[in-house]
Amino acid sequence: MDSIKYLLPDNEIPQTWYNIAADLPEPLPPFLHPGTGEPISPEDLSPLFPKALIEQEVSTERWIAIPEEIRQILAQWRCTPLYRARRLEKALNTPARIYYKYEGVSPSGSHKPNTAVPQAYYNKQEGVKKISTETGAGQWGSSMGMACQMFGLECLVHMVKVSYNQKPYRRALMEAYNATCIASPSDTTEAGRAILEKDPDCPGSLGIAISEAVEVAAKNDDTKYCLGSVLNHVLLHQTVIGLESQKQMEMAGDSPDVVIGCAGGGSNFAGIAFPFIGEKLRGGKNVRAIAVEPTACPTLTQGPLKYDFGDTAHLTPLVKMNTLGSSFVPPSFHSGGLRYHGMAPLVSHAMSLGLMEAQAYNQIEAFTAGVEFAKAEGIIPAPESTHAVVGAIREAERCREEGKDETILFCLSGHGHFDMQAYIDFHEGKLQDYEFPEEEIGMALSGLPSFGNE
Ligand SMILES: *Cc1c(COP(=O)(O)O)cnc(C)c1O
């Protein structure tokens, strides 16, 4: 029994993105101005983002057309394959059917180009010359670098320092795409200098790198800011994953009972899960959606739902989200893309409405599952993606124990070809299991802003 691949006829890709805001029983709480505590207006965001993306950020239209030029580029790697993992099912001896949507076939090896391309497109259309952004493990920086190069935009990437040192190949990839990559915290911004003064050895965090990237965009008229996750328009762009999956599951004559994605800022999880949650909200099948995060950065499972800043230097609007506190610097574990103190407001909101669940696993459990998956299916998952794999394997084991033949679908958000040092460390027994860093998170949470939080 070999694994089976499903591709849509003529590599069909969606004509529209799906916006869950149209189907939510309660609207998303507004973003607040950090100075006044009042809801911000779309114009407040215009120094950072082009108008078209701000419109998408606040839109409540259910279907938003994907411009043809973007579809042409996405067509280079989309539709992405959906696999039935029969060899993994056999290895687990489970009655469950396991499917995975593989986003590692994109040029940079993850789901991130699904939003990097539209973000570059809309910035180019509105006359922007340069993009300032941040990256954790380098997946976003390389995807944004590629998209900028395609549209003739300059790209400056602030890369979290620990990853900058651990992942020279990701840096080289960014440079191959013509992007400039600097380690964060850096001495090139006020935000970076303030951190270095307090802690010269700071390993960096996404919260810090976002501050640096936003500062550069705010101070330069020809420069705008791009974010690889968290924001509503990013989640919107990622729904091509779930929309394709729905059609591919239909081709397979099946439909998921459980949909799973790993969650750092929440974009690939939302990408695969929101179209299914939308169907549920419109009276369709009651699927369970599970976001899986690392125990070392347990935003959804341990963080309260509060208004907080998106960055460490407090340059962003206040957003209501599950948060560990904007000053929390997660430990330097291997899944760099999951080291963010907050969670997408839309994912946090869906969680508070009971539309989804969250689970946390430590990195040894995650890598163990990643290796088991590679042995069965041949693909080496990105360290981030191993969290989705362990979530899917645990559900399949539950099905075995309960004798249930449920259908499990998960998003394999990227491949791990640039992350083999993490696998070497795992095989040599060098990975540590970080537990919930209670004391540090307590400290970070004591600094939450007062606006919006009674
Ligand atoms: C960036 C990244 C993630 C985490 O980001 P989300 O916005 O939560 O999807 C997960 N997997 C891979 C491969 C990534 O590159």
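Note that ligands are numbered from 1 as they come in the structure, with each ligand's atoms numbered from 1 the same way. Every heavy atom of this structure was used, including side-chain atoms; hydrogens, water molecules and symmetry mates were not. Just so it is clear, the structure is predicted and the values come from calculations on it, not from any experiment.
- Interatomic distance, Phe269 CZ to Met343 CE, rounded to the nearest 0.5 Å: 9.0 Å.
- Every atom of ligand 1 with a heavy atom of Gln139 under 4.0 Å away is listed here by number and element: 13 (C), 15 (O).
- A cation-pi contact, defined as under 6.0 Å to the ring centre and within 45° of the axis, links Arg171 to Tyr164.
- In this structure, the side chains of Ser163 and Met159 come closer than 4.5 Å at one or more pairs of heavy atoms.
- Residue contact annotation: His111 has a non-hydrogen atom under 4.0 Å from ligand 1.
- The aromatic rings of Phe367 and Tyr423 lie perpendicular to each other, with more than 60° between the two planes, well past the 30° mark.
- Considering backbone and side-chain N/O atoms, Phe269 never comes within less than 3.5 Å of an N/O atom of ligand 1.
- The aromatic rings of Phe49 and His233 lie perpendicular to each other, with more than 60° between the two planes, well past the 30° mark.
- Nearest to atom 12 (C) of ligand 1 by heavy-atom distance, out of Gly414, Ser413, Ser108, is Ser413.
- Regarding atom 4 (C) of ligand 1, its nearest protein heavy-atom neighbour is Gly337 O, 3.4 Å.
- By the 30° and 60° cut-offs, the orientation of the rings of Tyr6 relative to Tyr99 is tilted.
- Short contacts between ligand 1 and Leu338, defined as distances under 4.0 Å to a heavy atom of the residue, involve ligand atoms 4 (C).
- Numbered from 1 in the order shown, with element, the atoms of ligand 1 that lie under 4.0 Å from a heavy atom of Glu384 read 10 (C), 11 (N), 12 (C).
- For ligand 1 and Ala263, the ligand atoms under 4.0 Å from any heavy atom of the residue are 8 (O).
- Note: Phe151 and Tyr121 have perpendicular aromatic rings, judged against thresholds of 30 and 60 degrees for the angle between ring planes.
- Of the protein's heavy atoms, Gly264 N, 2.7 Å lies nearest to atom 8 (O) of ligand 1.
- Close contacts between ligand 1 and Cys262 involve ligand atoms 10 (C), 11 (N) [criterion: under 4.0 Å to a heavy atom].
- Below 30°, between 30° and 60°, or above 60°: for Trp17 and Tyr122 the angle between ring planes is between 30° and 60°, a tilted geometry.
- Near Ser229, with a cut-off below 4.0 Å to any heavy atom, the atoms of ligand 1 are 6 (P), 7 (O).
- Summarising the contacts of atom 2 (C) of ligand 1 with Lys112, His387, Glu293, the nearest heavy atom is found in Lys112.
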